[in-house]
Amino acid sequence: MPDAQANRVKTGTEPASHFDAVIVGAGFSGLYMLHRLRRLGLSVRVYEAGGDLGGTWYWNRYPGARCDIDSMNYSYSFSHELEQEWKWTERYATQPEILRYLDHVADRFELRQDIQFETRVTATVFDEATNRWAVQTDGGGHVSARFVIMATGCLSATKVPDFKGLDTFQGTRLHTSRWPREGVDFTGQRVGVIGTGSSGIQVIPIIAEQASHLYVFQRTPSFSVPARNAPLDPAYVSQMKETYAEYRRKARETRAGVIMEVNPKSALEVSPEERERAYQARWEVGGTSFLATFSDVMANRDANETAAEFVRSRIRATVRDPAVAEALCPREYPLGTKRICVDTHYYETFNRDNVTLVDVKASPIEELTPTGLRTRSAEYALDRIVFATGFDAFTGALFNIDIRGRANASLKRKWADGPRSYLGLSIAGFPNLFTITGPGSPSVFGNAIVSIEQHVEWISDCITYLREHRLECIEATAQAEDEWVSHVKEVAGRTLYPLANSWYIGANIPGKPRVLLPYAGGVGAYRKKCEAIAAQGYEGFTLTRAGEAFSTPPPLPSARIPSQR
Ligand SMILES: Cc1cc2nc3c(=O)[nH]c(=O)nc-3n(C[C@H](O)[C@H](O)[C@H](O)COP(=O)(O)OP(=O)(O)OC[C@H]3O[C@@H](n4cnc5c(N)ncnc54)[C@H](O)[C@@H]3O)c2cc1C
């Protein structure tokens, strides 16, 4: 049966339906994937657990949430018209602004009609007899698809620590990544924030302005650089828009998907005065380009320590209480090996009379109580507790789905000792299943949108290739997968990342294998590898000839879209 003739979703007692592709997730990845596949004429269904689109930017509504890659870069590049017509207002867009942007994208490309919200994919099983995936959702829906594309997000499976007494707390519990749509007023409240990673660092200064008292429960301090956020200068925006295509092309070739001036000098070859001046200049500019102040900040431990010590000196210069300043100074890991934070007045917040830093490494949280929280050495009365405890990164969202490939083999079992994939895109034994920004690809090591677009385009080109060659299945070979996993590991071993207990290596989740999850070889180099593999007829993949043709292309709403890459 041609897939497009039965592309209705089963709800309740409706009959099962068949699609060319099912996409799981409607964030930046899922939306662009939908757009591309529809342009190919495929019948597509997107399932999204959330009540609306946006992914990260739907869920993370906490006050202060914003991107830390400049807005002009943290946006799609695939449509010239889109990037020309959209107006970002600030250097780093707020969560509401990014959500408005994604809404606009969905309207412009008429995406909503193919997305089913409030529907969680619970299982997907590959049927070797038909070479199709059976997809099951939490509402009892069952559909089948030739391709399944996991656009489930690297940072979407929320981590809530399993504190003793969690449910006994009678105040309000909040998680930064599950923030209520109606917002939260902290005025006059005693608030505890647990966690001082990127989200904690963004939310803390804002809650401090409202709360009667804010307790910040810190286990490991983060390195944070100032954002220097500001309204965008119209002249800068015009100039960027004039040269956008060229700018984006160059960004794709860089290490992190953003153009930043990388100083070719080693931090160790210059005088202390020159070093200080260079760090200070980047500090003034703000943002993550601080990591590129010298060529070896992320490669050499001693060079890294000079940058780390500079940040510590800024903390000491900002925070008036020397004991608090010392407690805020990270010492246990090299700078940048946990995601570097970008803040607005984070360190200054600790000069407020209504803010107390609590070191929960020295005195761990023992339990939540009906009235607050108890550490080993003290009790804190709280009205609200905010968990800024992050995510079960990369694998969390995938493992929440029971994914079964050939011979009913479970992905979770296959990855019990750490993720194994080819290019972070495809998994041996799981034909026609793709992971956008999956483990083993650069993903969070840079501008995620650049990596998302690259994966989406690679996948849609791959599906086009299969169709043109009347092929039914594509599957990574075990050998290619083994070689890629070794390569990812070998590159990781040349970096400083393994030295930190970060979510990059799964250290925030008890029992998670310690593996550097993103690929550290650089966005530009990775793209070239992927392109070369495709150009060689998908080297490292097994391609199977078709027994079934693709569906006849349905009329394309997106045919009205003017120019696309
Ligand atoms: C607070 C925050 C700030 C960030 N800032 C930046 C930044 O400045 N720069 C940057 O490059 N990156 C940033 N990131 C990373 C960010 O996640 C990516 O930039 C990007 O938004 C990821 O898009 P995505 O579509 O791949 O995943 P997501 O946006 O995470 O979307 C995945 C979607 O899949 C859905 N889903 C998952 N499992 C299922 C299931 N089983 N069934 C149905 N639906 C499911 C989820 O509900 C979610 O909506 C940030 C992340 C966070 C949390």
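For ligands, and for the atoms within them, numbers begin at 1 and follow the listed sequence.
- In this structure a side-chain-to-backbone donor-acceptor pair under 3.5 Å is present from Asp20 to Ser43.
- The side-chain contact (heavy atoms from CB on, under 4.5 Å) search around Glu246 returns Arg249, Lys250, not counting sequence neighbours.
- Under the salt bridge (charged side-chain N to carboxylate O under 4.0 Å, His left out) criterion, the residue pairs touching residues 333-345 are Asp68-Arg339, with sequence neighbours excluded.
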Contact table, ligand 1 N/O with protein N/O, distance under 3.5 Å:
from	atom 1	to	atom 2	distance (Å)
ligand 1	8 (O)	Asp68	N	2.5
ligand 1	8 (O)	Asp68	OD1	2.8
ligand 1	8 (O)	Ile69	N	3.3
ligand 1	11 (O)	Gly446	O	3.4
ligand 1	11 (O)	Ala448	N	2.7
ligand 1	17 (O)	Thr56	OG1	2.8
ligand 1	19 (O)	Tyr74	OH	2.5
ligand 1	21 (O)	Thr56	OG1	3.4
ligand 1	21 (O)	Tyr74	OH	3.2
ligand 1	25 (O)	Phe28	N	3.1
ligand 1	25 (O)	Ser29	N	2.9
ligand 1	25 (O)	Ser29	OG	3.4
ligand 1	26 (O)	Ser29	OG	2.6
ligand 1	29 (O)	Thr56	N	2.7
ligand 1	29 (O)	Thr56	OG1	3.0
ligand 1	30 (O)	Thr56	OG1	3.3
ligand 1	41 (N)	Val121	O	3.0
ligand 1	42 (N)	Val121	N	2.9
ligand 1	44 (N)	Ala49	N	3.0
ligand 1	47 (O)	Glu48	OE2	2.7
ligand 1	47 (O)	Trp59	NE1	3.0
ligand 1	49 (O)	Glu48	OE1	2.8
ligand 1	49 (O)	Glu48	OE2	3.0
ligand 1	49 (O)	Trp59	NE1	3.3

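- For the 3.5 Å distance criterion, the side chains of His175 and Thr389 qualify, holding a donor opposite an acceptor.
- Closest approach of Val24 to Met150, counting heavy atoms only: CG2-SD, 3.8 Å.
- Among pairs with a residue in residues 511-526, those fulfilling salt bridge (charged side-chain N to carboxylate O under 4.0 Å, His left out) read Asp392-Lys512, at least two apart in sequence or across chains.
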